[in-house]
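Quick note on labels: first sequence line is chain A, next is B, and so on, each numbered from 1.
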Amino acid sequence: MLDLFGDEAPWVEPLAEGAVILRRRARQQGAALLASIAQIAAQHPFQHLITPGGYRMSVAMTNCGDLGWSSGRRGYHYSDVDSFNGRRWPAMPQGFLLLAQQAAQEAGFTDFQPDACLINRYEPGARLSLHQDKDEKDLRQPIVSVSLGLPAQFQFGGFARGDGVQRLLLEHGDVVVWGGPSRLRFHGILPLKPGEHPLAGPYRYNLTFRRAR
DNA sequence: AAGTCGCC
DNA sequence: TCTG
């Protein structure tokens with residue numbers, strides 16, 4: 001939809017049972033969210049983690065909240081410290097927490113209590129291949145994913161890697177929530193197309209809120 | 001506003 | 001441990 005003014009009201013798009021896109025839901029908070037990301041990254045720099053297979057991830061990551069997601073040769077895990085500097089992750093900003101809880105509520109998930117916020121930074125060409133979020137202890141809690149900056153193609157699939165996927169363009173301020181019967185659906189991001197965003201420059205950022213423990 | 005497959 |  002043409003949006004010359006950037007002030008259209010959010011709208012809701014169902015994705016699957018237990019999954020929804022809240023279009024532009026976080027748009028008016030975009031600048032504040034990006035400012036918080038910059039503050040966090042000043043102390044906990046974005047890093048390109050290594051997968052268990054030994055590959056450098058094209059997406060750069062940092063975290064806030066009690067627990068942070070990480071990857072290394074030995075596998076994936078949540079940790080309360082940043083391996084870069086051995087210090088605890090910064091607290092989740094209140095604006096992050098409120099947004100995540102409100103978005104979850106609007107998607108039908110009450111009492112979402114995220115303790116982990118993974119912050120992903122995509123540069124042109126960066127991707128996240130199809131995967132499941134399944135390292136969390138309580139799979140009754142949903143995933144809340146906030147898109148900022150450059151647009152990207154999101155893949156939302158089924159329960160096996162080879163199942164068909166929906167492709168959805170996620171733009172600045174879009175919030176995807178999935179849980180319940182959709183909690184273990186495969187999802188990913190196709191290689192980011194180069195561009196320039198007025199607030200985020202040449203990047204796409206994603207906040208992924210989870211209850212990890 | 002790229003889709004799909006096979007390889008390790 | 002294929003979120004490459």
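If A/Val165 and A/Lys193 are placed on DNA chain B by their nearest nucleotide, the residue sitting closer to the 5' end is A/Lys193.
There is a path of hydrophobic side-chain contacts, each under 4.5 Å, that joins A/Leu150 to A/Met57. A/Tyr78 and A/Val144 fall into different hydrophobic clusters, defined by Ile, Leu, Val, Met, Phe, Trp and Tyr side-chain heavy atoms under 4.5 Å apart, directly or through other members. Linking ILVMFWY side-chain heavy atoms closer than 4.5 Å, directly or via other members, places A/Tyr205 and A/Val146 in a single hydrophobic cluster.
A/Leu190 comes within contact range of the sugar-phosphate backbone alone, with a heavy-atom separation under 4.0 Å but no base atom that close. Using a 4.0 Å heavy-atom distance criterion, A/Arg127 is classed as a sugar-phosphate-only contact.
Atom CZ of A/Arg140 sits in a sparse spot, with 12 or fewer heavy atoms from other residues, nucleotides or ligands closer than 6.0 Å.
The distance between atom CH2 of A/Trp69 and atom C1' of C/dT1, rounded to the nearest whole Å, is 10 Å. Following rounding to the nearest Å, A/Gln166 (CD) and B/dA2 (P) show an atom-to-atom distance of 17 Å. In this structure, A/Phe186 places its CZ atom 12 Å from C1' of C/dT1, rounding to the nearest Å. Between the CZ atom of A/Arg167 and the C1' atom of B/dT4 there is a distance of 12 Å, rounded to whole Å. When rounded to the nearest whole Å, the span between CG of A/Leu168 and C1' of B/dA2 equals 15 Å.
Partner A/Pro124 forms a side-chain contact (heavy atoms from CB on, under 4.5 Å) with one of A/Ser58, A/Pro191, A/Pro194 and no other, that one being A/Pro194. The salt bridge (charged side-chain N to carboxylate O under 4.0 Å, His left out) test with A/Glu136 is passed by exactly one of A/Arg211, A/Arg183, A/Arg213: A/Arg183.
Nearest heavy-atom pair across A/Ser79 and A/His77 is CB-CD2, 3.8 Å. Contact detail for A/Phe154 and A/Trp178: the closest heavy-atom pair is CZ-CZ3, 4.2 Å. Pairing each heavy atom of A/Phe159 with each of A/Gln132, the nearest pair is O-NE2, 3.9 Å.
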- Item | Paired and unpaired positions of DNA chain C as dot-bracket, Watson-Crick or G-U wobble under 3.5 Å, | denoting a partner strand | ...|
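Annotation: proximity of residues 132-162 of chain A to DNA chain C (heavy atom, distance under 4.0 Å) is found for A/Gln132, A/Asp135, A/Arg161, numbered in ascending order. Contacts of residues 50-57 of chain A with DNA chain C (heavy atom under 4.0 Å): A/Thr51, A/Pro52, A/Gly53, A/Tyr55, A/Arg56, A/Met57.
Residues A/Arg210 and A/Gln141 are not in side-chain contact: their nearest non-hydrogen atoms beyond the backbone lie 4.5 Å or more apart.
Electrostatic pairing of A/Arg25 and A/Asp174 does not count as a salt bridge here, judged by no charged N lying under 4.0 Å from a carboxylate O.
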